[in-house]
Amino acid sequence: MPLDLTNTLTRRKERFEPLDPGHVGMYVCGPTVYDTAHIGNARPVVVFDVLYRLLKRLYPKVTYVRNITDVDDKIIDRSRASGEPIEALTRRTTDLYHADMDALNALRPDVEPRATHHIGHMVALIGVLVERGHAYAAEGHVLFSVPSMAEYGQLSRRSQDELIAGARVEVAPYKRDPSDFVLWKPSREGEPGWDSPWGRGRPGWHIECSAMAKEHLGVTFDIHGGGLDLIFPHHENEIAQSRCAHHGDPLARYWVHNGFVTVEGEKMSKSLGNFFTVNELLDEHPGEAIRLTLLSAHYRQPLDFTKDGLRQSKLALDRWYQALRGDPAPVDAELPFEVLAALEDDLNTPLAISHLHELATAANKAEGAAKAAAKGALLAAGRELGLLEQEPEAWFRWAPKAAGALSDEAIEQAIADRQAARKAKNFAEADRIRKELAEQGVTLEDGPKGTTWKRG
RNA sequence: GGCGCGGUGGCAGAGUGGUCAUGCAGCGGACUGCAAAUCCGUGUACGUGGGUUCGAUUCCCGCCCGUGCCUCCA
């Protein structure tokens, strides 16, 4: 089965054909490490993690590159405001980012280049652009000359006239054209800076991705991903820089963009107070529930992130883990065809999820060897989505961080007491214990093989 | 203003030119000491007005509503 992806370049769903079927390259724009990741940052991570897993299944080798932007004005501002040195700030937020994304079961990329480790490549790239007349130096800055590239605007479908008409913000005096953008800017005393032919300074935002993508994936590679909002100006400018430096060769062949996240129907913003960091969500919700919520809408659709959505995701996972409970499922089962087909059709994760529900129903109904096989199929399907990666019992024992939850031992003891009461037909006492546990968020399930329990 | 996306049953959310999404919630049943979990059954859904068609939620046009981007925000 072939893979189809919606390519922003053509605005159409296209058959994915890698340059080299033996080795697929993918670049996704990563975080600027100045603050903890919020739920909007997590969506592309999870979406492209699903794509990465799928590509690894379909092709013998995949190189997934996701950068860390560790030089940026926001970092400088934050450091200045808090007094935390830049190195400490970027290291701390990078570590937290890793921990948070790990908790969402996102695989680490194969390469995670840091902008500060690629300044030399950026300077070299800028040098080529200046040499070829696509960039010019002015007042310590180096600017990309947008009018020098006839095809500028293809990805975002903007004509240069529109750009100029839309450039209402104040235009820096050193710009020859209002749409020109910064490749290199001067650093003042106390700001991070590197020596360059244009004086001590630091790179503009877009150039790092051009430089690092070239370094780790070559001039032209297969897939470039990121959030919808990056189409313009970031990706448009990356394309301009890279193509003009590389004799017009394409940068990426497939551009894949995920939709935005809103929270309870509103755009997420700090002023509205609906700004959720992944880290604080993880205190109250299992990582897999957050991940499933992010995958419950198609990646190109807007996603409204809600408490109720999280609750539903938790219930869905409860259902699947319930189906896996008991005798362990075989871990080497084949991925069910319909799940693979859903993912290959432009990463249709909601459809894949509906198949997981059907697989769970089938597993619940089956008996004996057929049950084991059905559980294996469900497990394989879940794992393909980066879900169902823990033991069912561990899942059901999960407790929110803040909860003064009963210990597992206390619960087990209460269950034993209740069993004794039940055996003595003292159902009033048995029900009292069950009610008491229920008030602590613990649900009991009496089965033929004894009583099992779960939190939440 | 320019470019774009979307309006599906109580909720979430796929999809399709002509019998089924799926899950949650609800209702009924089986199972259970009672529950929980599980299973079975259960719903005149596709913003609106036209058009194309034997037939449109699905294609085309208009309208209404919502929403995103327009220089450093994933």
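Within every chain, numbering begins at 1; the chains are lettered A, B, ... in the order of the sequence lines, protein sequences first and strands thereafter.
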### Query
How far does the C1' atom of B/rC60 sit from the matching atom of B/rU19, given to the nearest Å?
27 Å

### Task
Give the nucleotide from the list B/rU71, B/rC72, B/rU38 with an atom nearest to the side chain of A/Gln322.
B/rU38

### Query
A/His298 has an atom NE2; how far is it from atom C1' of B/rC5, in whole Å?
13 Å

## Note on the structure
A/Leu230 has its side chain closest, among B/rU71, B/rC39, B/rA74, to B/rA74

### Message
Tell me if the side-chain of A/Arg157 makes a donor-acceptor pair with the base of B/rG4, cut-off 3.5 Å, by modelled atom types.
### Response
no

### Query
Hey, which of these two, A/Pro233 or A/Pro31, hits RNA chain B nearer its 5' end, going by closest nucleotide?
A/Pro233

### Query
Whole-Å distance between B/rA36 P and A/Leu437 CG?
16 Å

#### Entry: C1'-based separation of B/rG13 from B/rA25 [nearest Å]
15 Å

### Message
Heavy atoms from C-beta onward define the side chain here; which of B/rG15, B/rC24, B/rC34 lies closest to that of A/Asn348?
### Response
B/rG15

### Query
Which comes earlier along RNA chain B counting from the 5' end, the contact point of A/Lys365 or that of A/Glu358, where each point is its nearest nucleotide?
A/Glu358

### Query
A/Asp431 has an atom CG; how far is it from atom C1' of B/rA36, in whole Å?
12 Å

### Task
Name the closest nucleotide to the A/Phe232 side chain, picking from B/rC70, B/rU22, B/rC34.
B/rC70

### Task
When you get a sec, tell me which of B/rC39, B/rA74, B/rA14 is the closest nucleotide to the side chain of A/Asn41?
B/rA74

#### Entry: From B/rG13, B/rA74, B/rC72, nucleotide with atom closest to A/His38 side chain
B/rA74

### Message
Would you measure the distance from the P atom in B/rA56 across to the matching atom in B/rG50 and give it in whole Å?
### Response
13 Å

#### Entry: Sole residue of A/Thr277, A/Leu282, A/Val278 in side-chain contact (heavy atoms from CB on, under 4.5 Å) with A/Glu280
A/Thr277

### Message
So if I take every side-chain heavy atom of A/Arg422 and compare against B/rC73, B/rC34, B/rC69, which nucleotide ends up nearest?
### Response
B/rC34

### Query
Using the C1' atom in both, what is the distance from B/rA30 to B/rG15, to the nearest Å?
33 Å

#### Entry: Pair A/Ser187, A/Arg200: side-chain N/O donor-acceptor within cut-off below 3.5 Å
no

### Task
Could you give the distance separating B/rA21 and B/rC34 at their C1' atoms, to the nearest angstrom?
36 Å

### Query
For atom P, what is the distance between B/rG9 and B/rA45, given to the nearest Å?
10 Å

